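Comments concern the structure below.
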Amino acid sequence: MKRTGDEYFDSDDFRNMLAEYEEAVNTGQPVFMDADELAEIADFYQMQGLMEEAEAAIQLALNLSPGAIGPLTYRIHEALYHGHTQRAWELLDQIIDKDEPDYVYDRGEILIAEGHIAEADEYFREEFKKVPADEYQDYVVDVANIYSDYGINDKAMEWMTRARYEDTPEFKEVMARTLFGLGKYKDSEKLFNELIDTDPFQKRYWNALASAQFMNEDYSAAIQSSEYAIAIDPDDPEGLIAKANGLYRLNNNEQALEYYRRYLEHEPNDEFAILHEGTCLINLDRTDEAIERLLHGVQVARQNAEEGITDLSQFLPDIFQELAFAFSEKGETDKALDYLNKTDGLDCDHVQIMIIKGHVLLSDGRLEEAEEMFRNAVINSDDATQTLLRVIASLYDNKYLEATYKMLQKFFQIASPNNIEGYAYMALCCHDLKYHEEFLKYLKKACEVNPKECRMVLGHLFPKDMEPEKYYDYLKTKLL
């Protein structure tokens, strides 16, 4: 049996218990295990995606011990996953042993799931007063872990500071995840590297490291880390999606498409992956295939919303945008606009939708309509200069180079003196217009003030691994 990446589930003790359980089930013999052991087996099956087997184990546990905390905690987590907090409260009331730490964790977690963060924290702090001194460490780290799971990272860090530092995998992992959630990706990366040093075959650590590197925009390193996770488990969905995302960010659409599809074999209803599969197909000029997959993504998004898995506005607006780009590419402008209009009732960036409508109209030569749409976008924007910059990018993408050049000149006149954006776009525009002196001028400025934008906009003009701060000096040396 292959490793799961979970220390307990990979242990000999658990594997022997699982083998004993499966032998009894397969031969029709009685199962001589307590409710908590059966709950652990259900957790294992759930992790493996074996939902029928998980359900059979947990139901057996509840039949044997209706008020046992282990199987009821399993059911509580199940209810919370589906957003059924009232059901979670009902299950909590069925727990007999209310002095167990798991009861406290369950109750606090339900409050967090309902959005009652202050009430949950007050409850955890009151219960903390009852915790024996030799259990302090476990309690505060467990509470921090719950907050981290729900993305409430300021509270997670607050509880972690109550703990003493421990050079243990459990402590380091919670701290690393909390630092990641607070946006401290380098610090998180350092801890995950330390964890990997102690257990290099733990795919969970490699995937977490890949996420930290990805968020730090070190996409090549993120791909490499994900490859270690895939080497440990070739069917690991987290490793596959991490590699796909890294390849996508490096504009390697062909390979990214391959890994998104491998991931979707395991997680066929992931809207995010279907969306990016469609985007890769558009970038590869496989427009009809892209439309087919994106329309499937619309169905999946609606189905997931009906089942309470995701919110309808989470990915559907982005899928509609990609459908608009695809139909625009085919010259079906009105159809593209129809899909953008479908976002009207969704919670999304409607200014961004206006800009895309303007972009679609511009690509069809409908200049007056495009101009009106762009004007409305700027008027309705909370950040007019940023919106104007996005309009300018659309002008450039549609090959209106002189208009882009003039708009950028105006943009620099009205932008804040501390503005660092737009210089790379102006350098690219001057490069295409063969305004060589101005190209060098704006390239130098872009390298100095905004290397990130410089790499994104001008990176294709320079050696792949070159740092953007060196672009100007490289070109000057080459010209000399």
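Bear in mind the structure is a predicted one, so any value in this text is a computation, not a measurement. No hydrogens, no waters, no symmetry mates; every other heavy atom, side chains included, goes into these values.
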(request) Assert yes or no for the condition that the ring centre distance of Tyr81 to His77 is strictly below 6.0 Å. (result) no

(message) With rounding to the nearest 0.5 angstrom, report the CD1 to OG1 distance, Ile282 to Thr287.
(response) 7.0 Å

(request) Indicate yes or no: does Arg375 engage Glu371 in a salt bridge with an N to O separation below 4.0 Å. (result) yes

(request) Inspect the contact between Lys399 and Asp432 and indicate whether a charged nitrogen and a carboxylate oxygen are less than 4.0 angstrom apart. (result) no

(request) Determine, for Glu437 against Lys441, whether the closest basic-nitrogen to carboxylate-oxygen distance falls under 4.0 angstrom. (result) no

(message) Looking at Glu158 and Lys155, is there a salt bridge between them, counting it only when a charged N and a carboxylate O are closer than 4.0 Å?
(response) yes

(message) Against Tyr405, only a single residue in Tyr435, Tyr400, Phe411 fulfils ring pair (Phe, Tyr, Trp, His ring centres under 6.0 Å); can you say which?
(response) Tyr435

(request) Run the salt-bridge test on Lys452 and Glu217 with the 4.0 Å N-O cut-off and return the result as yes or no. (result) yes

(request) Starting from the C-alpha separation in whole Å, work towards a yes-or-no answer on side-chain contact (heavy atoms from CB on, under 4.5 Å) for Ile353 and Asp349. (result) CA-CA 7 Å; Ile353 299 297; Asp349 185 347; over 6 Å; no

(message) Test of understanding: with ring-ring contact (aromatic ring centres under 6.0 Å, His included), list the residues that count as partners of Tyr396, not counting sequence neighbours.
(response) none

(request) Run the ring-centre check on Tyr425 versus Tyr442 and record whether the distance is less than 6.0 Å. (result) no

(request) Assess whether side-chain contact (heavy atoms from CB on, under 4.5 Å) is satisfied between Thr178 and Asn145, documenting all intermediate values. (result) CA-CA 8 Å; Thr178 301; Asn145 196 33; over 6 Å; no

(request) Answer yes or no: is there an ion pair linking Asp149 with Arg177, defined by an N-O contact shorter than 4.0 Å? (result) yes

(request) Say whether, by atom type as modelled, one donor and one acceptor occur between the side chain of Thr343 and the main chain of Tyr339 under 3.5 angstrom. (result) no

(request) Look at Glu90 together with Arg87 and state whether they make a salt bridge at an N to O cut-off of under 4.0 Å. (result) yes

(message) Check this for me: does any side-chain nitrogen of one of Arg366 and Asp334 sit under 4.0 Å from a carboxylate oxygen of the other?
(response) yes

(message) Among residues at least two apart in sequence or on other chains, which ones pass side chain to side chain contact (heavy atoms under 4.5 Å, CB included) with Ser363?
(response) Ser328, Asn398

(request) Compute the ring centroids of Phe192 and Phe180, then answer whether they are less than 6.0 Å apart. (result) no

(message) Between Lys243 and Glu238, does any side-chain N to carboxylate O distance fall below 4.0 Å?
(response) no

